[in-house]
J.: 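Okay, handing you the structure first.
Heavy-atom basis, side chains included; hydrogens, waters and symmetry copies ignored.
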Amino acid sequence: MASTGEDKRKVKAVKKMKDIMTTYYIEAKTAAQTGRKVAWITSGGPVEPLLAMDVIPVYPENHGAMIGASKMGVDLCEKAEAMGYASDLCSYARSDIACATVNGGPIGGLPRPDMLICGNNICGTVLKWYEVQARYFGCPLFIFDTPFCHTEFNDDMRRYVRRQVDEYTAFLAEACGRPFDFDRMKEVGRLSVEGQRTWQQVLDTAMNRPAPISAFDAFFHLALIVTLRGTQIAVDYYRELLAEMRERAAEGIGSIPNEKYRLLWDNLPVWYRTKWLSEKFASHGACLVADTYTSAWCGSLKYMDENDFLGSMAEGYSRIYLNIGVDEMADTVAAMVDKYGVDGVVLHSNRSCKPYSLGQYDIQRIVEERKGIPSLMIEADMVDERAFSESQIDTRIDAFMEVIRNRKN
Amino acid sequence: MNPMAEITATLADAGTYARDLKKRTNGRTVGYVCSYTPEELILAAGAHPLRLLGTQQAIHRADAHLQTYCCSLVRGILEEALSGNMDFLDGMVFPHTCDSIQRLSDIWRLNIPFGFHADVVLPVKLTTASARDYMADVLRKFRGDLEKSLSVTITDEALREAIDLTNSIRAALRRLYELRAANPGRISGSDIHRIVRASMIMDRRRFLALLEEFLAEASGKDAPAAAKPPHRLILSGGVCNAPDVYGMIADAGGAVVWDDLCTGGRAFEEPIPAGGDPIERMADRLVKRAVCPAKHGGLTNRADHLVSLVKEKDARGIIFLLLKFCDPHAFDYPYLKAALDREDVPSLLMEVEDPLPPEGQLRTRIEAFLEML
């Protein structure tokens, strides 16, 4: 018997991803027994040199997403508030800071870090958050300071960040008690670029109509380009996922049944409501075909040189999506609107993330004016459910889809 | 007019003062938003540096650009610009500070039509040699940007003079604080607040002359005999836009004897060192001064600084005056409080924003805190 529509739509790679992530977390959590070192690192941080030194990178932000998705955010955020952290602070940071003291959350906390690597290319919050953890765990902290690129990445900045790459490799040599492995670094660098390129190709398959992959799918498949960037595992996984998506595109299998409208998502996911939001939009025949978030892990590929990873990572890590001016962000969104054939933009105004959210009103206006498409702003938070008003958002999505429908018909 | 009266009159309508100053001197005015702004370069360019400190009017124009979870300081600065109150500015300088000011810079650049726009992308990490070198590079770049935007040449000689001027102001402010710390009854907290505010708004030479005059008078004056010596307190936080707080503290039997504020101690405590190249000297000061929590100066610097201030100034307690939605300060608060607890120094957290909450609320909390001391 032919498979039903829903079976057909199931992404086969999902099972594999879950296995990979389970293995990864078991490995990380047993690092103390296996004698490997663990580094906590920010999502936009330079992970590749860690892999070259066989250090296991662990991502508090990925952990924060897991906490949000398993709806354990409010409890941990409240714990942090009881510790004196204001409720307006980033909910990833609040969950993680609280979690470290109680080993709570969906996986019983992260393994204790031997070192902390903080890249401030995503926000100033991570600097404060990692200072808190460096005091708590009493382990060394390396700050990879990438000057903000409002309108340019100039030679002064390049020199400063490049010098920090050398400081970073020296820091790792010291922390690991052996010389930095430049040979292995070359291989890791190539794999990182290859992984980013393949991830971009996966996202590109959403240009097909119907889109075989949605932003909600991408939020899930993203985990490896964040946590295992620079490994063969990530490259292999994304190659397999790419093959599957291309096959689906060829067969006309969409991420949602009856794709009628194509939307773009801006900002982090609302982790505790991804399923609800995905189904809500799907009920209107709307597929979120692209987003600014998952593409941030391959957005600066143009600055990376796979044959000189350490040399080019200064620029590559500095010019990522969140470390650039509002106008350049608007340009990026506008280009994605064209590339993916987008009918409307959904922006998540995320109380937790100021660098992502402040400036969104201007991005919204610029994109609306330039592309002549409507947009919707949703007020929420990525992990803290207390900031989510379901009935209000439900009504607003209905009204927005009405506008989209009227324009298309 | 006595110095305090002139300062008070200036602050009553700072916008009109700045416009008049510009007209009177046929000069140029450059706005800025953060105490890391290298004022000396603006002065050496022959321009008047004017620090923007939010707004006292209701915020509505800025709502079109900034969410309500952005702090009232940033929203207020944008409101002032959008309402046209700032259109006399010849330019605006945005040092890299926090996530919110970073985006304010972008939003200003895209929406405010008047004046040049300069980003001063300072290092966030201040603890390494490469960061120190980059700091000097940033200052040199800003010097070039100013020269281009204002069509002037900034000579080393002019820069040295500007450094002498700002150092003299810093030294005078320190004397003012010391005078108060020695005898809090002599100078009221709200006068100090006004003086510090004026130091960022008035013509700097005129301000220095007024401050010197004020100091000469105040140091000669006997302190009024207080029935009961006040509780000695230190204020800690970001920008203090709340002069009323000083009155409430005084009414409740307290006196602020020092502060760790961006509009206060942190801005003037560290002088620019003497010696060689003026840019290098300025860079030395910026990495060494009491650190803003949006920057990294080590893991415990701020707590160490606060605890040593308490001891040095013989303070009995600390009031944290934190601006709502100010992430860097909110992240530091728990560890600062813990460090104070370890030293048995009581502290009170007051979260404020413009406009201040109803006076009764703050007053009751201050009174309760002082009673506990």
J.: Should A/Thr151 and B/Arg109 count as side-chain neighbours, where that means a heavy-atom distance under 4.5 Å?
T.: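 A side-chain contact exists here, since the closest heavy-atom pair is under 4.5 Å.
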J.: Side chain, backbone, both or neither: which part of A/Glu379 has a non-hydrogen atom closer than 4.5 Å to chain B?
T.: side chain
J.: Checking A/Ser357 against B/Gln67 for the side chain to side chain donor-acceptor pair (under 3.5 Å) test, could you report, in this order, the C-alpha distance in whole Å, the side-chain angles of both residues, the deciding distance, and whether it holds?
T.: CA-CA 8 Å; A/Ser357 304; B/Gln67 286 91 331; 4.9 Å; no
J.: Any chance you could measure B/Asp133, atom CG, to A/Tyr160, atom OH, to the nearest 0.5 Å?
T.: 10.0 Å
J.: Chain B heavy atoms under 4.5 Å from A/Val326: which part of the residue, side chain, backbone, both or neither?
T.: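 Backbone plus side chain of A/Val326, per the 4.5 Å heavy-atom cut-off to chain B.
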J.: Counting C-beta onward and ignoring hydrogens, is there a side-chain heavy-atom pair between B/His96 and A/Pro147 closer than 4.5 Å?
T.: no
J.: Among A/Ser349, A/Gly84, A/Ala86, which residue has the highest count of heavy-atom pairs closer than 4.5 Å to chain B?
T.: A/Ser349
J.: Can you find a pair of side-chain heavy atoms, one from A/Asp88 and one from B/Glu351, that are under 4.5 Å apart?
T.: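 They are in contact (side-chain heavy atoms under 4.5 Å apart), so the answer is yes.
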J.: Tell me whether the NZ or CZ atom of A/Lys354 lies within the 45° cone about the ring axis of B/Phe325 and under 6.0 Å from its centre.
T.: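 Geometry flag: not set, cation outside 6.0 Å or 45°.
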J.: Determine whether A/Phe148 and B/Asp106 make a side-chain contact, defined as any pair of heavy atoms from C-beta on separated by less than 4.5 Å.
T.: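 They are in side-chain contact.
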J.: Step by step, work out the side-chain contact (heavy atoms from CB on, under 4.5 Å) result for B/Asp63 and A/Tyr361.
T.: CA-CA 9 Å; B/Asp63 284 338; A/Tyr361 293 164; over 6 Å; no
J.: What are the two closest heavy atoms between A/Pro355 and B/Gln102, and how far apart are they?
T.: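 Nearest pair, atom of A/Pro355 first, then B/Gln102: CB-NE2, 4.2 Å.
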J.: Counting heavy-atom pairs under 4.5 Å to chain A, which of B/Ala64, B/Cys70, B/Ala294, B/Cys98 comes out on top?
T.: B/Ala64
J.: Examine whether an atom of B/Ala131 lies under 4.5 Å from a heavy atom of chain A, and if so say whether it belongs to the side chain, the backbone or both; otherwise answer neither.
T.: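 Both backbone and side chain of B/Ala131 come within 4.5 Å of chain A.
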J.: A/Ile122 versus chain B, heavy atoms under 4.5 Å apart: side chain, backbone, both or neither?
T.: neither
J.: What distance separates B/Lys125 NZ from A/Thr146 OG1, expressed to the nearest 0.5 Å?
T.: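 It comes to 10.0 Å.
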J.: Is B/Asp327 salt-bridged to A/Lys128, going by a charged N under 4.0 Å from an acidic O?
T.: no
J.: Do B/Arg75 and A/Leu358 come within less than 4.5 Å of each other through their side chains, counting heavy atoms only?
T.: no
J.: Assess whether a salt bridge exists between B/Lys141 and A/Glu152, defined as any Lys/Arg side-chain N lying under 4.0 Å from an Asp/Glu carboxylate O.
T.: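 A salt bridge is present here (some side-chain N lies under 4.0 Å from a carboxylate O).
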J.: Using non-hydrogen atoms only, which part of B/Ala330 is less than 4.5 Å away from chain A: side chain, backbone, both, or neither?
T.: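 Contact with chain A: backbone and side chain both.
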J.: For the residue pair A/Gln164 and B/Ser130, confirm or rule out a side-chain donor-acceptor distance under 3.5 Å.
T.: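 No.
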J.: Checking A/Arg94 against chain B: side chain, backbone, both or neither under 4.5 Å from a heavy atom?
T.: neither
J.: Within the structure provided, determine whether A/Leu89 and B/Phe331 are in side-chain contact (heavy-atom separation under 4.5 Å).
T.: yes
J.: Heavy atoms only: give me the nearest A/Arg163-B/Ala129 pair and the separation to one decimal.
T.: NH2-C, 4.0 Å
J.: Heavy-atom count check: over 12 atoms from other residues, nucleotides or ligands less than 6.0 Å from B/Lys288 NZ?
T.: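 Atom NZ in B/Lys288 is not packed in, count stays at 12 or less.
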J.: Could you tell me which portion of A/Asn154 (side chain, backbone, both or neither) has an atom closer than 4.5 angstrom to a non-hydrogen atom of chain B?
T.: side chain
J.: Using non-hydrogen atoms only, which part of A/Asn350 is less than 4.5 Å away from chain B: side chain, backbone, both, or neither?
T.: backbone
J.: Does any N or O in the side chain of A/Arg135 come within less than 3.5 Å of the main-chain N or O of B/Leu299, such that one atom is a donor and the other an acceptor?
T.: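 Side chain of A/Arg135 to backbone of B/Leu299, a donor-acceptor pair under 3.5 Å: yes, one is there.
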J.: Identify which of A/Val132, A/Asn120, A/Thr125 forms the greatest number of heavy-atom pairs closer than 4.5 Å to chain B.
T.: A/Thr125
J.: Got A/Leu141 and B/His296 here, is their nearest side-chain heavy-atom distance under 4.5 Å?
T.: yes
J.: Below 4.0 angstrom, N of the basic side chain to O of the carboxylate: do B/Arg140 and A/Asp156 qualify?
T.: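 Looking at A/Asp156 together with B/Arg140, the answer is no, because their closest N to O distance does not fall below 4.0 Å.
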J.: For A/Gly359, is there any backbone N or O sitting under 3.5 Å from a side-chain donor or acceptor partner on B/Arg103?
T.: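 No; judged by distance alone, with no hydrogens or angles, the pair does not exist.
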J.: Please name the residue in the list B/Thr127, B/Leu122, B/Val124 that meets the side-chain contact (heavy atoms from CB on, under 4.5 Å) test with A/Asp145.
T.: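 Looking at B/Thr127, B/Leu122, B/Val124, the match for A/Asp145 under the side-chain contact (heavy atoms from CB on, under 4.5 Å) is B/Val124.
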J.: For the residue pair A/Arg159 and B/Tyr134, would you count it as a cation-pi contact if the rule is NZ or CZ under 6.0 angstrom from the ring centre and within 45 degrees of the ring axis?
T.: no
J.: Report which part of B/Tyr333 has an atom under 4.5 Å of a heavy atom belonging to chain A: side chain, backbone, both, or neither.
T.: side chain
J.: Go through the atoms of A/Leu127 and report whether side chain, backbone, both or neither lie under 4.5 Å from a heavy atom of chain B.
T.: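 Just the side chain, heavy atoms under 4.5 Å.
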